[in-house]
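Everything on this sheet refers to the single structure shown next.
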There are 2 protein chains.
Amino acid sequence: MIFKLALFNANDCIKIMLKKRITIKDLARELGYAPSTISRALNNHPGISKKTKEEVQKAVKKLGYTQNSIASNFRKNTMLSIGIIVPRIGIHFHSLVISGIEEMAYMRKYNVTIFQSQDSLDREKEIAKILQTKMVDGIIVCLALETNNYDHFNQLKDNKVPVVFYDRVPENYEASKIVINDYQSAYKATEHLISSGCKRIAHISGNPEVSIYKERLKGYKAALVKHNIPLDEKLIEYTKDLNYDEGVYSAKKFLNLEHKPDGIFCANDYTAVSTIQVFKKANYSIPGDISVVGFSNYPISRIIEPTLTTINDRAFEMGQAAANLLIRQIEEKSEIISSETVVLETELIIRDSSKSFNSHK
Amino acid sequence: MIFKLALFNANDCIKIMLKKRITIKDLARELGYAPSTISRALNNHPGISKKTKEEVQKAVKKLGYTQNSIASNFRKNTMLSIGIIVPRIGIHFHSLVISGIEEMAYMRKYNVTIFQSQDSLDREKEIAKILQTKMVDGIIVCLALETNNYDHFNQLKDNKVPVVFYDRVPENYEASKIVINDYQSAYKATEHLISSGCKRIAHISGNPEVSIYKERLKGYKAALVKHNIPLDEKLIEYTKDLNYDEGVYSAKKFLNLEHKPDGIFCANDYTAVSTIQVFKKANYSIPGDISVVGFSNYPISRIIEPTLTTINDRAFEMGQAAANLLIRQIEEKSEIISSETVVLETELIIRDSSKSFNSHK
DNA sequence: CTGAAAGCGCTTACAG
DNA sequence: CTGAAAGCGCTTACAG
């Protein structure tokens, strides 16, 4: 042991004892090269002799050097780092999106720093400011519920930091966006109910001030109009949050209607699940007496009985697409950052809560 | 507009046109101070006159300066940054933990960089190496399923980077850990079944090579022994993953037993839900004929019918505790990083899938 | 109260 | 093939 230590010079010894980080300078001193040579050897530059590179690698092992990528990236003025702002990580949809982002980012050597806005506009602004100072190369954001103004992203844009929004995206604001076609998806879901024989189709809507729920509502209405089914405002329930309890409340209102619906399209799976449970409890058969279609393809949709017909909202793919687009924009480094909108195709997953007709149009 | 621009000096003008980042040097030139003075004014140092500070703030506004916190932290040799390694972000438990970590970290001005090991040991090693280079101040990790050796964390420890493990934690390895008491929780769950009248209690176990499932199994057995109920290996089913389908498979085996169980303790909620569904389909009444208890308190446990008695595993609090402990260890900066283990109290949530007795011991 | 200088760990023209 | 020097944007002893 003593003998081994004797192979180190005094300075290195001290560093090792104090667990100070070994730097390029230490390698340089150890081998008698200039730090610039070490740097080039480490980065496998062409104009460095093979012999030198090998020597350097040996010294790396001996002294236990690990690169300081912060210093390196700082010098190169790129952090290979992307920031994410989501409302809440614990919401399953967002956790899948994040998962998709991380996966894509990891492949491309970027790392992902995550912030929760908690659906608060103030906090979202605060985070945007923090991100400003962090040298992130780009950011991905799903807007807070409260957010109705997007000025806090202007400075990022001015600084040429690309921003990609997903799911809850700004309206009338020039930016890149990843969305699904909510209108088309709702249309498809409603039409499925129609073609499976439903005549009176109700809708449980989210807050119609939020664009995605507005679009779903529109798609529902359009499908009815298209198939000459009269709209009936009594068949539309508006919720604040689309949570389970609001679903129960809405379903009960439908249940108490004189002229009850025979199909219900719900703007998410939670309200669809509570609708199923409310009608089952009231001894309705599903899909015999009433069909139910949800939206999102949450895990519970495969477990509830009957299993739930729903729209696959492609959360994971949305994350991948967001990261992909963002990284492309980062690496283009063009003077003008283009604003692109990617619309992901959704998919109607037909399960047991709706009748399936082969004569499906 | 022209007039306004005339107020800037040439160099600043160019920077603004090219959208180059404004630095302390630019402020210094603008005001005729030295960069060091600007830095001190910005950081509100005592020995800087109020007048100067105000001038600096004005120039900050005028030129649109934002601090480069990477440069600042790099100079100060702390990144205020913590790294997380989780198996998969999309698993609800982990997303709640991450949420708790982010919340605590945000309050303490740390930011959180996230990696998924995808339950692969190789990837976990790779990530540990990456983290090595990133100047993170500490890391939080839940081990990959595959991980059976912890050497890849040694260098981090050697470099005095605190590491806190949660949930799936290393065995026989000196480290800080946040866990729940799996043994005690399983004991409590099983005893609840016993005291509500069950005589033959089955168990659906996870992979018993994984310590948390081993502990749950032990707790189940201990409760039976304590209450003089004979162990019966036919009443224990081992699964690989504790997923829904494995639950169905296990429940059916119990259902086909000659001498059927009247209570089942499942090592997670997914298998508990499939157990409920299998027995309901076979026309057993729950909890009349058979009681079911799960583990984790997933959202589905409040929705399934009957609602599921389960153990609250405190995912969110686990994240908070992990971040809290980690940040304490970071800020202590003592020569020796202490290894602490925090055991969180779980809670038995009694719902409708088990009989509740007031004569509960 | 303010400034000049050195430095965090690295990279990269420039020169030889 | 290698080195000396400057610099990324900031901070901080040291000096006055």
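Note on naming: letters A, B, ... go to the chains in the order of the sequence lines (proteins, then strands), and numbering restarts at 1 for each one.
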Both distances under 3.5 Å, Watson-Crick or G-U wobble: report the partner of C:dA13, or none.
none
Should C:dA4 form a Watson-Crick or G-U wobble pair with both distances under 3.5 Å, which nucleotide is its partner?
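Paired with no nucleotide.
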At under 4.0 Å, does any side-chain N or O of [X] touch on OP1 or OP2 of [N]?
X       : N      : answer
B:Ser36 : D:dT11 : no
B:Asn73 : D:dC10 : no
A:Ser72 : C:dT11 : yes
A:Ser49 : D:dC1  : no
A:Tyr65 : C:dC10 : yes

Working to the nearest 0.5 angstrom, can you tell me the gap between B:Gln118 CD and B:Ile127 CD1?
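It is 8.0 Å, given to the nearest 0.5 Å.
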C:dG3 base to B:Arg40 side chain: any donor-acceptor pair below 3.5 Å?
yes
[atom1] of [X] versus [atom2] of [N]: gap in Å, rounded?
X       : N      : atom1 : atom2 : answer
B:Lys25 : C:dG3  : NZ    : P     : 16 Å
B:Leu42 : D:dT12 : CG    : P     : 13 Å
A:Ile70 : D:dG9  : CD1   : P     : 16 Å
A:Phe74 : C:dG7  : CZ    : C1'   : 12 Å

When the nearest nucleotide of DNA chain D is assigned to B:Ala71 and to B:Thr37 on a heavy-atom basis, which residue is associated with the more 5' position?
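Taking each residue's closest nucleotide, the earlier one in sequence belongs to B:Ala71.
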Looking at B:Tyr106, is A:Arg123 sitting on its ring face, NZ or CZ under 6.0 Å from the six-membered ring centre and within 45 degrees of the normal?
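The answer is yes, since A:Arg123 meets both limits relative to B:Tyr106.
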Against the six-membered ring of B:Tyr33, is B:Arg40 placed for a cation-pi contact (under 6.0 Å from the centre, within 45° of the normal)?
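Pair B:Arg40/B:Tyr33 does not count as cation-pi.
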Could you say whether B:Arg75 or A:Asn43 is positioned toward the 5' end of DNA chain C, judged by the nucleotide with the nearest heavy atom to each?
B:Arg75
